[in-house]
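Just below is one structure, and these are the notes that go with it.
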Amino acid sequence: MVRSSVPPDDRTFPFALHAAAAAVAAGKRPVKGLELHAAALRRGLLLADVFAGNTLVTFYAACGRAADARRMFDEMPARDVVSWNSLVSALLTNGMLEDAQRVVVGMMRSQVPVNVASLVSVVPACGTQREEEFGLCIHGLALKSGLDSVLNLGNALIDMYGKFGDLEAAMRLFNGMPERNEVSWNSAIGCFVHTGIYEDVLEMFRAMLGHGVTPGSVTLSSLLPALVDLGVFIWERRSTAPNVVSWNAMIANLAQNGAESEAFRLFIEMQKNGGCPNAFTIVNLLPACSRVTSLKMGKQIHAWSIRRSLMSDLFVSNALIDAYAKCGQLSLARNIFDRSEKDDVSYNTLIVGYLQSPCCFESLHLFEQMRSAGVEYDAVSFMGCLSACANLSAFKQGKEIHGVLVRRFLSTHPFLANSLLDLYTKGGMLDTASKIFNRITQKDVASWNTMILGYGMLGQHDVALELFDLMKDDGVDYDHVSYIAVLSACSHGGLVERGKKYFSQMLAQNIKPQQMHYACMVDLLGRAGQLSESAEIIRNMPFRANSDVWGTLLGSCRIHGNIELARWAAEHLFELKPEHSGYYTLLMNMYAEAGMWSEAHEIRTLMKSRKVQKNPAYSWVQNGNKLQAFLVGDA
DNA sequence: GCAGTCCAAG
């Protein structure tokens, strides 16, 4: 325009700056806007035109430069109410509520006639920051200036009171409104969503429809997380096109409620309909990938995040680390961790991720690295570290962490206390464990389960069973882990009949037995020499037995020298875990002991043809603060 | 031509 010598007038400038601010919001650098500022100075525009100054205040706010926005305002030769309002929202968009409050007060003192915009912009911030006192002040000002009947302000106030938890004030405003629009209804619905009384949410939604108000994308987004079971119903009856937020809400709704593949389908459909997935979409979908261990979908979403340059978002990179770790892909998870920005969640996610892996000692390394990196520990970090210590039998280090927790008054934290129980029971230190256990005021199901498992493992079955009965008296209901604990106590104690009783009790309680429960039953019967009954259990399982179950049977066969069943179990194990050398060795030794040399030789050949390596054995050595693994030779 | 209300995440 300038180059083609068409003179730009006063109106061109705000337009152009608006575009420059939008570019900044889209991730571009602010050069265009700075050039425009310079041009405006050269032309003396800022001396003559309030509009130019106002737009610059907003532009600097959009760049995240609140101080520059304020300087712009201070240097303006003349200001109007929009200048003040622009400064207020400039401060608010940069999270400076207190400064914004001071400006509003200054505005009153300078006798600037406030309008709706002056008040309406601070109201949402008061709500989210729980600034009740100032929020009530604003409401008071609205009443005094007669602005309280303005629709926008009323809507904002309803939402604010909802965020304060003052449902009565919110409803009084809502019911007294001279007119309502969709936002009024959304704000009112939002108040009930906060309270968690979903019958009321639904009732408001019905009332909204009854008043002939069309629910838009914002209504959808706030209803979907609240009304999970009605989600699809509402979604299918939507009358307006969804926006990114409502797509995301629906995807989250499906992903978090067991409809993972539906969520993936919607992700595709969203893009077909021109929706552009963002960081929220990714973060909602990734846990669904790990829940159904869909590595393929996870990788697709990873690739998508790279293309849309979303990898710099901490939520996205952390969610990816978590998804890969949960799918057992620790090296992929590590890769992202090493290349990304890191916060406490990144460290915690990977620490927990390594726990169930063969590289569990990495959890301890990371815990140490976290400290060197100056990232603060939280309860999750300590929990991960304690579990790692328990898994690695690193009891000395575990005790040190216990000391840290005591000094930080965290040793009675509900799930940290449980991690301590796990550590001490695994280390055979039942006295310490039971002292901690007795000090937990709110014992949850995990606390009881850990103690029962501990006593069961260490041969004190009577105590384990006693605890199992006591937990019910304490008002804590059994879960599926409780039954694993009690069944394994029975099997270690040789209490076959009692074990059978608990198993049927579990079925009666409508807890569906999982692989581990069957493994316990197979162990219970197998140890007692009732191998054919063990086999019968496996044959009658409602799903295919995994390696835990077959491995247990193989172990019992070894004890009782039943080669026939051992072969049967081993055949399944060779298929399920072909790389696991222990199973081959066990069967081979059984054949050898029975003098069945040709069969033993066959297994040896099978091992060679599959290139199965014997696992080297490691020993853990404390080296300063670090735990090191040393190879001690062939197992 | 500038300012201003409601919705979603580890």
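Order of the sequence lines sets the chain letters (A, B, ...), proteins ahead of strands, with each chain counted from 1.
- Remark: ring of A:Phe13 not stacked against base of B:dG1; the cut-offs of centroid gap under 5.5 Å and plane tilt under 30° are not jointly satisfied.
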| task | Mind running side chain to side chain donor-acceptor pair (under 3.5 Å) on A:Glu341 and A:Ser317 for me, showing each step along the way? | result | CA-CA 8 Å; A:Glu341 293 263 304; A:Ser317 54; over 6 Å; no
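- In the displayed structure, A:Glu133 atom CD is contacted under 6.0 Å by at most 12 heavy atoms of other residues, nucleotides or ligands.
- Salt bridge status for A:Glu368 with A:Arg371: present, with a side-chain N to carboxylate O gap under 4.0 Å.
- Side-chain contact between A:Leu151 and A:Asn181 is present, with heavy atoms from C-beta onward closer than 4.5 Å.
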Would you be so kind as to tabulate the donor-acceptor pairs closer than 3.5 Å made by side chains of residues 226-235 of chain A, with sequence neighbours excluded?
none

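- When atom types are taken as modelled, the side chain of A:Asn94 and the backbone of A:Met96 share no donor-acceptor pair closer than 3.5 angstrom.
- The distance from atom CG of A:Asp313 to atom P of B:dA8 is 17 Å, rounded to the nearest whole Å.
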| query | Does the side chain to side chain donor-acceptor pair (under 3.5 Å) test come out yes or no for A:Tyr354 and A:His365, once each step is laid out? | reply | CA-CA 11 Å; A:Tyr354 274 119; A:His365 288 164; over 6 Å; no
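- Interface residues of residues 251-269 of chain A facing DNA chain B, ordered by number: none; criterion, heavy-atom separation under 4.0 Å.
- Nucleic acid contact class of A:Asn284 (heavy atoms, under 4.0 Å, all strands): sugar-phosphate only.
- Heavy-atom neighbours of A:Arg71 CZ from other residues, nucleotides or ligands within 6.0 Å: at or below the threshold of 12.
- Aromatic rings of A:Phe73 and A:Trp84 (six-membered ring for Trp) have centroids within the 6.0 Å cut-off, being under it.
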| request: Encode nucleotides 2-7 of chain B as B, S and - characters from 5' to 3', where the letter depends on protein heavy atoms closer than 4.0 Å: B to the base, S only to sugar-phosphate, - to neither. | output: BBBBBB
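- Between the CE atom of A:Met270 and the C1' atom of B:dA8 there is a distance of 11 Å, given to the nearest Å.
- Within a 6.0 Å radius of CD in A:Glu35, other residues, nucleotides and ligands contribute more than 12 heavy atoms.
- Looking at A:Arg180, its side chain never comes within 3.5 Å of a backbone N or O of A:Asn155 through a donor-acceptor pair.
- Distance from the side chain of A:Phe280 is smallest to B:dA8 among B:dA8, B:dG10, B:dG1.
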Side-chain donor-acceptor pairs under 3.5 Å in residues 246-256 of chain A, sequence neighbours left out?
{"from": "A:Ser246", "atom 1": "OG", "to": "A:Asn243", "atom 2": "N", "distance (Å)": "2.8"}
{"from": "A:Ser246", "atom 1": "OG", "to": "A:Asn243", "atom 2": "O", "distance (Å)": "3.1"}
{"from": "A:Ser246", "atom 1": "OG", "to": "A:Asn243", "atom 2": "OD1", "distance (Å)": "2.9"}
{"from": "A:Asn248", "atom 1": "OD1", "to": "A:Thr281", "atom 2": "OG1", "distance (Å)": "2.7"}
{"from": "A:Asn248", "atom 1": "ND2", "to": "A:Val244", "atom 2": "O", "distance (Å)": "3.4"}
{"from": "A:Asn248", "atom 1": "ND2", "to": "A:Asn278", "atom 2": "OD1", "distance (Å)": "3.0"}
{"from": "A:Asn253", "atom 1": "ND2", "to": "A:Leu224", "atom 2": "O", "distance (Å)": "2.7"}

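- Separating the CZ atom of A:Phe315 from the P atom of B:dG10 is a distance of 7 Å, rounded to the nearest angstrom.
- Contacts of residues 323-344 of chain A with DNA chain B (heavy atom under 4.0 Å): A:Asp343.
- Between the side chain of A:His211 and the backbone N or O of A:Ala207, at least one donor-acceptor pair lies under 3.5 Å.
- In the region residues 345-353 of chain A, proximity to DNA chain B at under 4.0 angstrom, judged on heavy atoms, holds for A:Val345.
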